[in-house]
S.K.: 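Structure provided below as structure tokens; questions to follow.
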Amino acid sequence: MINERYFPQEIEKKWQKRWDDTQLNKVYNDTDKEKYYILSMLPYPSGKLHMGHVRNYTISDVIARYKRMNGFNVLHPMGWDSFGLPAENAAIQHGANPKKWTLDNIAYMKKQLKELGLMVDWDREVTTCLPEYYKWTQYFFIQMFKKGLAYKKEAAVNWCNDCATVLANEQVIDGKCWRCDSEVEKKYLSQWFLKITDYAQELLDDIKLLEGWPDSVKTMQKNWIDRSQGAILRFKVKENPELEVPVYTTRPDTAYGITYLVVAPEYKDIEKLTTPENKAAVEEYRQNARKMSEIERLSTERPKTGVPLGTHLINPLNGEEFPIWTADYALAEYGTGAVMAVPAHDERDFAFASKYNLPIKIVIQNPEAPFTELKEAYTEKGVLVNSGDCDGIDNEKAKQAIIDKAVAGGFGEAKVQYRLRDWLISRQRYWGTPIPIVYCPKCGTVPVDEKDLPVLLPEDVDFSVKGMSPVKTSESFKYTTCPICGGQAERETDTMDTFMCSNWYFYRYTDARNNDAPFDKDVLHYWAPIDQYVGGIEHAILHLLYSRFFTKALRDLGELDVTEPFKNLLTQGMVLKDGSKMSKSKGNTVDPDEIFRNYGADTARLFILSDSPPNRDFDWSDAGVEGCYKFLNRVWKIYAANQQNIVLDYKLPEVSTLTKQNNDLVREVHMSVKKISQDISNEFQFNTVISKYREFSNAIYDYMNSKKDFTEEDKMVFSFAVVTFLKLLAPVLPHMAEEIYEGLGGKDSVHKLEWPTYEDALAKTSSITLVVQINGKVKDKIEVDSESTKEQLEQFALNSDKIKELTEGKQIVKVIVVPGKLVNIVVK
RNA sequence: GCCGGAGUGGCGAAAUUGGUAGACGCAUCAGACUCAAAAUCUGACGCAGCUCACCCUGCGUGCCGGUUCGAGUCCGGCCUUCGGCACCA
């Protein structure tokens, strides 16, 4: 029996408990079945679910349920990206224990996710802050260390004062910290890096394998890696022939036009290149550059500044001498930290040369419109001039010609350069995976023995310390013995960037409770790669690039055999309210708990999918929620008010024998199944899926409203329609569908039923509306048989009274017939 | 500046390969039910004009131009907006 009224809160609780009790969502590694791995980005346990989470997990859950009904063995797991700064800040501010704070949040949010009705096998839950997980993050780090992929170096790094830790380049946004928005400074520190640059070319090349990724994300990754093809040229110092300055350039063709050279203020040999007379000025300039914040320094509006070092270089191509300057428009981290300046053909050099009255030498000439003077740099194509025996060569060809000369002369060679830098993973914070490294006075930097993993985070730490990592306050942690010689040694106290944890969590889901290995390879290779990944666009570079790199690195370490982790990627849009992103500071948040309480999770699920396609921003509106709730009540009534007319084991009579009305309803069923199946397959366009739900329900209502009594045939056709409808609804409204199914006498679970199929022939109408146009404008519409031939359609159109009237006295030039659609008559 | 999206009613949006622009919904208005209201059901709803019961005509997918029998869709040139990158040599 189905209750007359719809009480979402009751039935949702009931079914969530039933699913738990019957282990309906348990996932087996059933290799006989075709797998489908659908993954949503794991949440950070900040305290409570927000609407972005609800959107993300509803999308992936509906996909998961849909694929399950289509016969796939579906993995749709969930876990917690649970290391990170907020837990530590809570510890500092409220004296909380980061672990307790985190686990409490996880417990609450897990309860909320269950209330959302997710089809998740919680036995595979992964929590990145637990030793059973981070043991393997440490294990992978050690493998990478042994292969030289993890290394420590002294470098200018991005330092966030507020977070009291370093940041990766990817975590600096407009010169500010990605997390707290405060200004980032440069500091010189010895830090751990991963050699992502070893994979720059592969990461770039393999973008073409990512067919199911949005172009926007692929472009962002391409731009981030940013390959450029050029050359290294080395110049001897006139005052000190032992010393050389190498430059990286993409324009070797302009090398005859060098009139000066710029090194970054941080350039390693700068002191050797400075004459005693210039020392004071150079030192002052370097000090200023150092003090300047990242934001100031990055500003392209700022006029260029610089000072000469007093020394000179010799251009091996033509023997010309030119001065060396230092200027902060040269970046220490890119290329060689030195730039050859060709003011005639580079905008930045032109601006600098104009300001300091440095010579401007034209070496590329425009053959179409030759010039003798320049008001701005000429950066277009042209022909070489003033370039010795290269004169007259097309500048594109000259690039290779001059590289050849450099190779022959031993002063340079071709070189590919990337913008991508190595990934800085050290963090001077407590709540992260400890880096499993020991410093021994005798043996040096030594990885912890694998059998001693995990290196546990210490508990005896003092969070009140300022300016250093709390880990350093743990005596028990800091002092240890060397894994090689057994002597006194100290542990690394830095922890890893949390993106290290989220790099590989999706592999752990496949074998989450394995205590002997990060995963069983056979099990992993059954599930991997991920068929569909769903998450926010804000991870387009950070997480998605790191994960691609990590997968490739693990492949080369022999840990797995996967080249790209994510076959398809769906980047969901933001959830907005009143036109701007929901945020606590703006006070425009909507609490999922409140929606669950007032309307139920099914309403929330329907609404969050209804108004916009998943990849676009979604505007939350209270009226919209209300509208969805009304729709659910409308659906409920179909079943509650007609129970006596619905049977689950209906037998549909031969379609040709049906009444017109029944025939129409059968057709509506096939059309709905077709449209909904296609829209889900086609990039998960749930908004149009839901409009089809509404159209289908409207058709069912029209049918119901037109009838007082149901004949046997009516009952069968009606049952066919509403039972099919129920299956179509099940992925989006899992609780309601279960309750109705059970009320109709269904056994087990509606989610184990097969997704309905359709027949194309039955999804078509027998007549179509033929549109008749004159000169491309619609003039008439005629109902005709859908099987009509081209000739017949043309006759129908020409014989229409209206068309006859309108074409009278005019010459028909041409008639275009589009079968099944329209006839266009061209007249003069 | 460079790269990549997007621009359609009051609003969210829809529209195989170029083929009836505005499906479906929100809001609004009207009607039914009701003592009344809510809920529910039914209907209208791009703009303008003319009639006004039905009809009919013109305009209309950011702007200008092009291709085509026919353009929201294709091509060229702009504008606006969102996102990414940005002194990368």
Side-chain angles (χ1 to χ4, degrees), chain A residues 173-174 214-224 226-228 230-231 247-251 254 261-262 264 297-302 304 327-331 333-342 345-349 351-352 417-421 537-538 540-541 571 573-574 576 607 610-613 615-628 630-631 633-634 637 675 678-679 682 685 687-698 701 705 769-781 813-827:
Chain A
I173 308 206
D174 291 336
D215 288 340
S216 58
V217 176
K218 289 195 275 192
T219 311
M220 277 157 80
Q221 294 216 348
K222 246 180 233 160
N223 291 343
W224 190 263
D226 192 27
R227 175 195 157 106
S228 72
V247 299
Y248 172 73
T249 181
T250 53
R251 295 294 305 273
T254 64
L261 180 137
V262 174
R297 191 162 164 185
L298 283 176
S299 167
T300 51
E301 311 295 307
R302 199 166 56 90
K304 294 191 174 19
D328 59 12
Y329 81 86
L331 307 173
E333 314 89 63
Y334 188 77
T336 63
V339 185
M340 65 176 220
V342 185
H345 307 293
D346 181 278
E347 281 170 32
R348 293 154 304 183
D349 299 344
F352 192 83
Q417 180 74 38
Y418 303 90
R419 199 188 82 106
L420 182 72
R421 313 284 154 81
I537 184 80
E538 64 274 18
I541 293 171
T571 51
M574 286 186 298
L576 312 177
F607 176 56
S610 64
D611 271 359
S612 303
N615 56 0
R616 248 194 271 180
D617 286 352
F618 176 86
D619 211 337
W620 184 275
S621 84
D622 296 334
V625 182
E626 198 69 46
C628 286
K630 280 183 195 169
F631 175 72
N633 278 287
R634 226 170 116 80
K637 240 167 69 182
K675 171 79 176 150
Q678 282 178 347
D679 284 355
N682 179 23
Q685 302 211 16
N687 54 329
T688 52
V689 168
I690 288 163
S691 7
K692 193 66 211 174
Y693 283 169
R694 292 181 190 272
E695 285 184 66
F696 194 3
S697 82
N698 289 344
Y701 259 81
N705 291 342
T769 306
L770 181 72
V771 172
V772 186
Q773 300 180 326
I774 294 179
N775 291 344
K777 301 232 176 215
V778 180
K779 293 295 173 188
D780 199 11
K781 295 171 187 179
V813 182
K814 200 170 168 186
V815 178
I816 289 135
V817 181
V818 182
K821 284 257 162 64
L822 59 73
V823 175
N824 188 15
I825 302 163
V826 187
V827 300

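Here is the naming used below: chain letters follow the sequence lines, and residue numbers restart at 1 for every chain. FYI, side chains are in, hydrogens and waters are out, and symmetry mates aren't considered; it's all heavy atoms of this structure. From a predicted model like this one, the values you see are computed outputs, not experimental measurements.
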S.K.: Give one of base, sugar-phosphate or nothing for A:V339, where a contact means two heavy atoms less than 4.0 Å apart.
M.R.: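 It contacts base atoms.
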
S.K.: Tell me whether A:D679 contacts the main-chain N or O of A:Q685 through its side chain, where contact means a donor paired with an acceptor under 3.5 Å.
M.R.: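 No.
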
S.K.: What is the distance from atom NZ of A:K779 to atom CG of A:N824, rounded to the nearest 0.5 Å?
M.R.: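 Here the interatomic distance stands at 11.5 Å.
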
S.K.: Side-chain N or O of A:R419 less than 4.0 angstrom from OP1 or OP2 on B:A86?
M.R.: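 Yes.
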
S.K.: Rounded at 0.5 Å granularity, tell me how far OG1 in A:T250 sits from CD in A:Q417.
M.R.: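 Reported to 0.5 Å precision, the distance equals 10.5 Å.
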
S.K.: Under 4.0 Å, heavy atoms only, any strand: does A:Q417 hit a base, just the sugar-phosphate, or nothing?
M.R.: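 It contacts nothing in the nucleic acid.
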
S.K.: What form does the base of B:G25 take, syn (within 90° of 0) or anti?
M.R.: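 B:G25: anti.
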
S.K.: Quick one: is A:S621 getting a side-chain N or O under 4.0 Å of the B:C26 phosphate, OP1 or OP2?
M.R.: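 Answer no for this pair, as no side-chain N or O of A:S621 is under 4.0 Å from OP1 or OP2.
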
S.K.: Can you tell me which nucleotide in B:A89, B:C69, B:G84 comes closest to the side chain of A:V826?
M.R.: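 The listed nucleotide nearest to A:V826's side chain is B:C69.
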
S.K.: Who does B:A37 pair with, Watson-Crick or G-U, both distances under 3.5 Å?
M.R.: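 Pairing partner, where one exists within any strand: none, as none qualifies.
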
S.K.: Taking the nucleotide of RNA chain B with the closest heavy atom to each, which residue, A:S691 or A:D215, is nearer the 5' end?
M.R.: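 Of the two residues, A:D215 wins.
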
S.K.: At less than 3.5 Å, do the side-chain atoms of A:N223 and the base atoms of B:C85 form a donor-acceptor pair?
M.R.: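 For A:N223, whose side chain was compared with the base of B:C85, there is no donor-acceptor pair (under 3.5 Å).
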
S.K.: With a non-hydrogen cut-off below 4.0 angstrom, is A:P214 in contact with a base, only sugar-phosphate, or nothing?
M.R.: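 Counting heavy atoms under 4.0 Å across all strands, no contact is made by A:P214.
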
S.K.: Which whole-number value in Å describes the distance from A:K821 NZ to B:U73 P?
M.R.: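 Whole-Å distance recorded here is 17 Å.
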
S.K.: Taking the side chain of A:I541 as its heavy atoms from C-beta onward, which of B:C69, B:C85, B:U20 lies nearest to it?
M.R.: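 My answer, after comparing the listed nucleotides, is B:C85.
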
S.K.: For the backbone of A:T571 and the side chain of A:N615, can you confirm whether one donor and one acceptor N or O come within less than 3.5 Å of each other?
M.R.: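 Judged by distance alone, no pair lies under 3.5 Å.
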
S.K.: At less than 3.5 Å, do the side-chain atoms of A:K304 and the base atoms of B:C87 form a donor-acceptor pair?
M.R.: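 Looking at the base of B:C87, it does pair with a donor or acceptor on the side chain of A:K304 (distance under 3.5 Å).
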
S.K.: Is B:C2 paired to anything, Watson-Crick or G-U wobble with both distances less than 3.5 Å, and if yes, which nucleotide?
M.R.: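 B:G84 is the nucleotide pairing with B:C2.
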
S.K.: Do A:R694 and A:I690 have side chains that get closer than 4.5 Å, going by heavy atoms?
M.R.: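 SC-SC contact between A:R694 and A:I690 confirmed.
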
S.K.: Are any of A:N687's side-chain N or O atoms less than 4.0 Å away from OP1 or OP2 of B:C24?
M.R.: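 False: A:N687 side-chain N/O out of range (4.0 Å or more) of B:C24 OP1/OP2.
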
S.K.: When you check the phosphate oxygens OP1 and OP2 of B:G25, does a side-chain N or O of A:N698 lie under 4.0 Å from one of them?
M.R.: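 Checking B:G25 against A:N698, a side-chain N or O does come within under 4.0 Å of OP1 or OP2.
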
S.K.: Select one nucleotide: of B:A27, B:A89, B:C85, the one nearest the side-chain heavy atoms of A:A623.
M.R.: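 When the side chain of A:A623 is considered, B:A27 is the closest of B:A27, B:A89, B:C85.
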
S.K.: Within the structure shown, what part of the strands sits under 4.0 Å from A:R227 by heavy-atom distance: base, sugar-phosphate, or nothing?
M.R.: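 Nothing, no nucleic acid heavy atom in range.
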
S.K.: Touch check for A:D226, heavy atoms < 4.0 angstrom, all strands: base, sugar-phosphate only, or nothing?
M.R.: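 It contacts sugar-phosphate atoms only.
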
S.K.: Select base, sugar-phosphate, or nothing to describe what A:R694 touches, counting heavy atoms under 4.0 Å on all strands.
M.R.: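 Counting heavy atoms under 4.0 Å across all strands, the contact made by A:R694 is with sugar-phosphate only.
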
S.K.: Can you check the distance between B:U34 and B:C29, where both ends of the measurement are the P atom (answer in whole Å)?
M.R.: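 B:U34 and B:C29 have their P atoms separated by 23 Å.
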
S.K.: When the distance from CE of A:M574 to C1' of B:G83 is rounded to whole Å, what number comes out?
M.R.: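 One finds 9 Å between C1' of B:G83 and CE of A:M574, rounded.
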
S.K.: At 4.0 Å (heavy atoms only), tell me whether A:N633 reaches a base, stays on the sugar-phosphate, or touches nothing.
M.R.: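 Result for A:N633 = nothing.
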
S.K.: Take atom P in B:A15 and the same atom in B:G83, then report the distance between them in whole Å.
M.R.: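 Nearest-Å result for B:A15 against B:G83 at atom P: 25 Å.
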
S.K.: Under a 3.5 Å cut-off for both distances, is B:C69 Watson-Crick or wobble paired, and to whom?
M.R.: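 For B:C69, the partner nucleotide comes out as B:G19, under the 3.5 Å rule.
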
S.K.: Could you work out the separation of B:C47 and B:C11 based on their P atoms and round it to a whole Å?
M.R.: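 11 Å, rounded to whole Å.
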
S.K.: Ignoring the backbone of A:S216, work out which of B:G4, B:G84, B:G70 is nearest its side chain.
M.R.: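 So the nucleotide nearest the side chain must be B:G4.
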
S.K.: Should A:P214 and A:I537 count as side-chain neighbours, where that means a heavy-atom distance under 4.5 Å?
M.R.: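 In short, these two side chains do not touch, never coming nearer than 4.5 Å.
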
S.K.: Taking only the side-chain nitrogens and oxygens of A:Y248, find out if one of them lies under 4.0 Å from OP1 or OP2 of B:A89.
M.R.: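 So the side chain of A:Y248 is outside the cut-off, no N or O lying under 4.0 Å from OP1 or OP2 of B:A89.
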
S.K.: If we take the P atom in both B:C3 and B:G25, what is their distance in whole Å?
M.R.: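 The answer is 43 Å between these two P atoms.
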
S.K.: Using the P atom as the point on both nucleotides, what is the distance between B:C87 and B:G77, in whole Å?
M.R.: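 About 28 Å, rounded to a whole number of Å.
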
S.K.: Roughly how many Å apart are B:A71 and B:U81, using the C1' atom of each and rounding to a whole number?
M.R.: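 Going atom to atom, C1' in each nucleotide, I get 24 Å.
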
S.K.: Tell me which nucleotide, if any, is Watson-Crick or G-U wobble paired with B:G7 when both distances must be under 3.5 Å.
M.R.: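 Partner of B:G7: B:C79.
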
S.K.: Should B:C59 form a Watson-Crick or G-U wobble pair with both distances under 3.5 Å, which nucleotide is its partner?
M.R.: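 B:G46 - that is the nucleotide pairing with B:C59, both distances being under 3.5 Å.
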
S.K.: Between C1' on B:G70 and CD on A:Q773, what's the gap in Å once rounded to a whole number?
M.R.: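 Nearest whole value for this atom pair: 6 Å.
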
S.K.: After noting the C-alpha distance and the side-chain angles of A:Q773 and A:I816, does the key distance pass the side-chain contact (heavy atoms from CB on, under 4.5 Å) rule?
M.R.: CA-CA 9 Å; A:Q773 300 180 326; A:I816 289 135; over 6 Å; no

S.K.: Looking at every strand, decide which applies to A:D349 at a 4.0 Å heavy-atom threshold: base, sugar-phosphate, or nothing.
M.R.: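 The answer is nothing, as A:D349 stays clear of every strand by at least 4.0 Å.
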
S.K.: Starting from the 5' end of RNA chain B, give me the residue, A:P613 or A:W224, whose nearest nucleotide shows up first.
M.R.: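 Looking at RNA chain B, the more 5' nearest nucleotide goes with A:P613.
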
S.K.: Evaluate the side-chain proximity of A:F631 to A:F607: yes if any heavy-atom separation is below 4.5 Å, no if none is.
M.R.: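 They are not in side-chain contact.
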
S.K.: Would you say A:D346's side chain and A:A341's backbone share a donor-acceptor pair under 3.5 angstrom?
M.R.: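 Such a contact is absent between A:D346 side chain and A:A341 backbone.
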
S.K.: Could you tell me the separation between the CD1 atom of A:I690 and the P atom of B:G25, rounded to a whole number of Å?
M.R.: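 Between P of B:G25 and CD1 of A:I690: 13 Å.
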
S.K.: List the steps, then state whether side-chain contact (heavy atoms from CB on, under 4.5 Å) holds for A:N775 with A:V826.
M.R.: CA-CA 5 Å; A:N775 291 344; A:V826 187; 3.7 Å; yes

S.K.: Base, sugar-phosphate, or nothing: which does A:K781 touch, judged by heavy atoms less than 4.0 Å apart?
M.R.: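 It contacts base atoms.
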
S.K.: Using side-chain contact (heavy atoms from CB on, under 4.5 Å), reason through A:I774 and A:V827 one step at a time and then give a plain yes or no.
M.R.: CA-CA 7 Å; A:I774 294 179; A:V827 300; 3.8 Å; yes

S.K.: B:A27 P sits how many Å from A:D622 CG, rounded?
M.R.: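 Taking atom P of B:A27 as the reference, CG of A:D622 is at 11 Å.
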
S.K.: For B:A14 versus B:G7, give the span between their P atoms, rounded off to a whole number of Å.
M.R.: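 That atom pair is separated by 9 Å.
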
S.K.: Given atom CG of A:D328 and atom P of B:C87, what is their separation to the nearest angstrom?
M.R.: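 Interatomic distance, CG of A:D328 to P of B:C87: 11 Å.
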
S.K.: Measure all distances between protein nitrogen or oxygen atoms and nitrogen or oxygen atoms of nucleotides 40-42 of chain B, and list the pairs falling under 3.5 Å.
M.R.:
| unit_1 | atom_1 | unit_2 | atom_2 | d |
| --- | --- | --- | --- | --- |
| B:C41 | OP1 | A:R634 | NH1 | 2.8 |

S.K.: Which nucleotide, B:G84, B:U20, B:A89, lies nearest any side-chain atom of A:T769?
M.R.: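 Of B:G84, B:U20, B:A89, B:U20 is nearest to the side chain of A:T769.
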
S.K.: Tell me, please, which residues at least two apart from A:R634 pass salt bridge (Lys or Arg N to Asp or Glu O under 4.0 Å).
M.R.: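 For A:R634 there are no salt bridge (Lys or Arg N to Asp or Glu O under 4.0 Å) partners, ignoring immediate neighbours.
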
S.K.: Between B:A13, B:A89, B:C87, which nucleotide has the shortest distance from any of its atoms to the side chain of A:R616?
M.R.: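 It is B:A13.
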
S.K.: Using the side-chain heavy atoms of A:A330, tell me which of these nucleotides is nearest: B:A23, B:A89, B:G84.
M.R.: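 Given the options B:A23, B:A89, B:G84, the side chain of A:A330 is closest to B:A89.
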
S.K.: Rounded off to whole Å, could you give me the CG-to-P distance for the A:L420 and B:G84 pair?
M.R.: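 Taking CG of A:L420 and P of B:G84, I get 19 Å after rounding.
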
S.K.: Looking at B:C59, I'd like to know if its phosphate oxygens (OP1 or OP2) sit under 4.0 Å from a side-chain N or O belonging to A:K777.
M.R.: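 Checking A:K777 against B:C59: at least one side-chain N or O falls below 4.0 Å of OP1 or OP2.
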
S.K.: What integer number of Å spans the P atoms of B:G9 and B:G5?
M.R.: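 It comes out at 23 Å once rounded to the nearest Å.
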
